[in-house]
Engineer: 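Take this structure, written in structure tokens, and hold onto it; I'll ask about it next.
Chain naming here is simple, since letters A, B, ... match the order of the sequence lines and numbering starts at 1 in each.
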Protein chains: 2
Amino acid sequence: MSSKVARILKSRELRATNVREKILELFIDAPKAITHRDIELAFDYIDRITLYRTLKAFEEKGLIHKIEDGSGVAKYARCIDNCDEDHHHDDHVHFHCNDCGDTFCVEEVEVPYIKSPSKHLVTKTTIVLNGTCEQCQ
Amino acid sequence: MSSKVARILKSRELRATNVREKILELFIDAPKAITHRDIELAFDYIDRITLYRTLKAFEEKGLIHKIEDGSGVAKYARCIDNCDEDHHHDDHVHFHCNDCGDTFCVEEVEVPYIKSPSKHLVTKTTIVLNGTCEQCQ
DNA sequence: TATCGTGTTGCAACGGTGTTGCAATAAATT
DNA sequence: AATTTATTGCAACACCGTTGCAACACGATA
């Protein structure tokens with residue numbers, strides 16, 4: 001019988017391999033957005049390239065979304081359940097702590113509609129809040 | 001007699017060198033945010049490290065502000081005149097075109113106040129609009 | 001205008017991030 | 001169990017960004 005993570009993977013047309021199952025578990029357990037490096041450290045060893053491709057595959061299949069919080073390195077967090085390949089429900093705000101560097105999804109705060117200058121066509125809005133997180137205060 | 005750019009540099013406690021004058025001119029003339037590479041290409045030759053340090057110095061002195069538009073590479077744009085060392089007036093929205101990759105300051109649109117989740121202390125808010133710019137439509 | 005101190009530049013060397021191509025391997029299907 | 005196809009792991013590479021150090025130029029002072 002398949003594990004829970006294996007079923008999730010298969011539902012997204014992703015083969016349930018050891019690497020992927022473990023990575024997906026990390027995402028499910030993580031209370032914050034995690035980096036490529038965080039995942040590498042959680043393994044005894046994992047090939048960097050494989051990890052890059054796994055993250056890309058997860059993102060394409062709507063399992064995770066990528067967050068650019070201005071720290072210079074990409075972070076990833078699990079999408080809430082109703083994300084799919086065509087549409088990511090990552091239209092919430094993200095919070096980045098300047099002290100510990102952690103980044104969190106702020107699901108409660110939706111990205112507001114921002115009136116754009118007429119000449120540009122806006123299709124997506126990204127908002128990152130910076131400051132000090134609960135832990136660091 | 002000092003050139004205009006030399007005077008600007010000196011007013012920020014930056015020595016007026018050839019490299020800096022030319023770079024500042026590029027910023028003054030640029031209609032959009034420019035990258036490290038853009039500047040390199042504008043010179044016959046410029047040392048990469050010098051450029052990195054010049055950009056950092058300009059940023060610290062409030063001449064330019066750094067923009068992370070999610071494209072992966074840092075972009076820089078000139079601050080409007082009343083920026084200073086302590087406070088950057090870059091609290092406007094930026095627009096990033098997904099087609100040409102260009103990024104523009106949208107000075108007209110100020111970053112709105114976003115109600116933050118109570119547990120985190122928010123000190124800065126970054127907003128990047130994505131879409132198609134006027135040129136690319 | 002010659003000298004001097006300090007800021008700036010340019011070079012060497014390095015670490016991190018991310019990508020592509022290819023061969024070996026493992027998963028799902030029959 | 002065999003086959004097909006996706007996935008993995010390795011090699012090699014390109015780019016971004018930083019630090020340390022020596023050489024140099026700016027701006028001030030005499």
Engineer: Return no unless some side-chain N or O of A/Arg53 is found under 4.0 Å from OP1 or OP2 of C/dT19.
Structural biologist: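 So the side-chain polar atoms of A/Arg53 never come under 4.0 Å of the phosphate oxygens OP1 or OP2 of C/dT19.
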Engineer: From NZ of A/Lys56 over to P of C/dT17, roughly how many Å is that when rounded to an integer?
Structural biologist: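 Roughly 17 Å, once rounded to whole Å.
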Engineer: Is there a side-chain contact between B/Asp102 and B/Cys136 in this structure, where contact means two heavy atoms from C-beta onward sitting under 4.5 Å apart?
Structural biologist: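 Heavy-atom side-chain distance check fails, nothing below 4.5 Å.
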Engineer: Between A/Val19 and B/Ala74, who's closer to the 5' end of DNA chain D by nearest nucleotide?
Structural biologist: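 Of the two residues, A/Val19 wins.
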Engineer: Taking atom CD as the centre, does B/Gln135 end up with more than 12 heavy-atom neighbours from other residues, nucleotides or ligands that are less than 6.0 angstrom away?
Structural biologist: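 No.
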Engineer: With a sphere of 6.0 Å drawn around CG of A/Asp29, does it hold more than 12 non-hydrogen atoms of other residues, nucleotides or ligands?
Structural biologist: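 Yes - once you tally the heavy atoms of other residues, nucleotides and ligands closer than 6.0 Å, there are more than 12.
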Engineer: When you match B/Thr17 and B/Arg48 each to their closest nucleotide on DNA chain C, which lands nearer the 5' end?
Structural biologist: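 Counting from the 5' end, the first nearest nucleotide belongs to B/Thr17.
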Engineer: Using whole Å, what does the distance between atom P of nucleotide C/dT17 and atom NE2 of B/His36 come to?
Structural biologist: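 Result: 19 Å.
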Engineer: Let me see the working for A/Ile114 and A/Val122 under side chain to side chain contact (heavy atoms under 4.5 Å, CB included), right down to the final yes or no.
Structural biologist: CA-CA 9 Å; A/Ile114 293 176; A/Val122 177; over 6 Å; no
Engineer: Tell me the interatomic distance from B/Asp47, atom CG, to C/dA13, atom C1', rounded to whole angstroms.
Structural biologist: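 Rounded to whole Å, this separation is 13 Å.
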Engineer: Apply the side-chain contact (heavy atoms from CB on, under 4.5 Å) test between B/Ile34 and each candidate in B/Ile64, B/Thr103, B/Ile39, B/Leu41; give the one that qualifies.
Structural biologist: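 So, applying the side-chain contact (heavy atoms from CB on, under 4.5 Å) to B/Ile34 and each of B/Ile64, B/Thr103, B/Ile39, B/Leu41, only B/Ile39 qualifies.
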Engineer: Any side-chain heavy atom of A/Leu129 sitting closer than 4.5 Å to one from A/Val109?
Structural biologist: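 Of all side-chain heavy-atom pairs linking A/Val109 with A/Leu129, none is under 4.5 Å.
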Engineer: For the helix from C/dT1-D/dA30 to C/dT30-D/dA1, measure the angle between the helix axis at one end and the axis at the other, each built from five pairs, rounding to 10°.
Structural biologist: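 Answer for the end axes of this duplex: 20°.
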Engineer: Whether B/Arg15 contacts C/dT6 is assessed here as follows: a side-chain N or O lying under 4.0 Å from the phosphate OP1 or OP2. Is that the case?
Structural biologist: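 Answer is no, no contact under 4.0 Å.
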Engineer: In whole Å, I'd like the distance from the CG atom of B/Asn18 to the C1' atom of C/dT9.
Structural biologist: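 The distance from CG of B/Asn18 to C1' of C/dT9 comes to 11 Å, rounded to the nearest Å.
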Engineer: Classify the ring geometry of B/His65 against B/His94: parallel below 30°, tilted from 30° to 60°, perpendicular beyond 60°.
Structural biologist: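 Geometry flag for B/His94 against B/His65: tilted rings.
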Engineer: Map B/Glu40 and A/Ile49 onto DNA chain D by nearest heavy atom, then report which one ends up closer to the 5' terminus.
Structural biologist: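 Result of the comparison: A/Ile49.
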Engineer: On DNA chain D, reading 5' to 3', which nucleotide is the first and which the last to sit with an atom under 4.0 Å from a heavy atom of chain A, could you check?
Structural biologist: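 From 5' to 3', the first and last contacting nucleotides are D/dT5 to D/dA11.
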Engineer: Please work out whether the ring planes of A/Phe27 and A/Tyr76 are parallel, tilted or perpendicular, with thresholds of 30° and 60°.
Structural biologist: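 Ring orientation of A/Phe27 relative to A/Tyr76: perpendicular.
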Engineer: Could you state the atom-to-atom distance from CG of A/Asp38 to P of C/dT17 in whole Å?
Structural biologist: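 It is 10 Å, rounded to the nearest whole Å.
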Engineer: Counting any heavy atom closer than 4.0 Å, what does A/Ala16 reach on the DNA or RNA strands: base, sugar-phosphate only, or nothing?
Structural biologist: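 Sugar-phosphate contact only - A/Ala16 comes under 4.0 Å of backbone atoms but never of a base.
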Engineer: Could you tell me whether B/Gln137 atom CD has more than 12 heavy atoms of other residues or ligands within 6.0 Å of it?
Structural biologist: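 Above 12, so yes.
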Engineer: Nearest-Å distance, OH (B/Tyr52) to C1' (C/dG15)?
Structural biologist: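 In whole Å, C/dG15 C1' and B/Tyr52 OH are 13 Å from each other.
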Engineer: In whole Å, what is the span from the CG atom of B/Leu14 to the P atom of C/dT8?
Structural biologist: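 That distance rounds to 6 Å.
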Engineer: Take the protein atom CG of B/Leu9 and the nucleotide atom P of C/dT9, then report the distance between them rounded to whole Å.
Structural biologist: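 Those two atoms, CG and P, are 10 Å apart.
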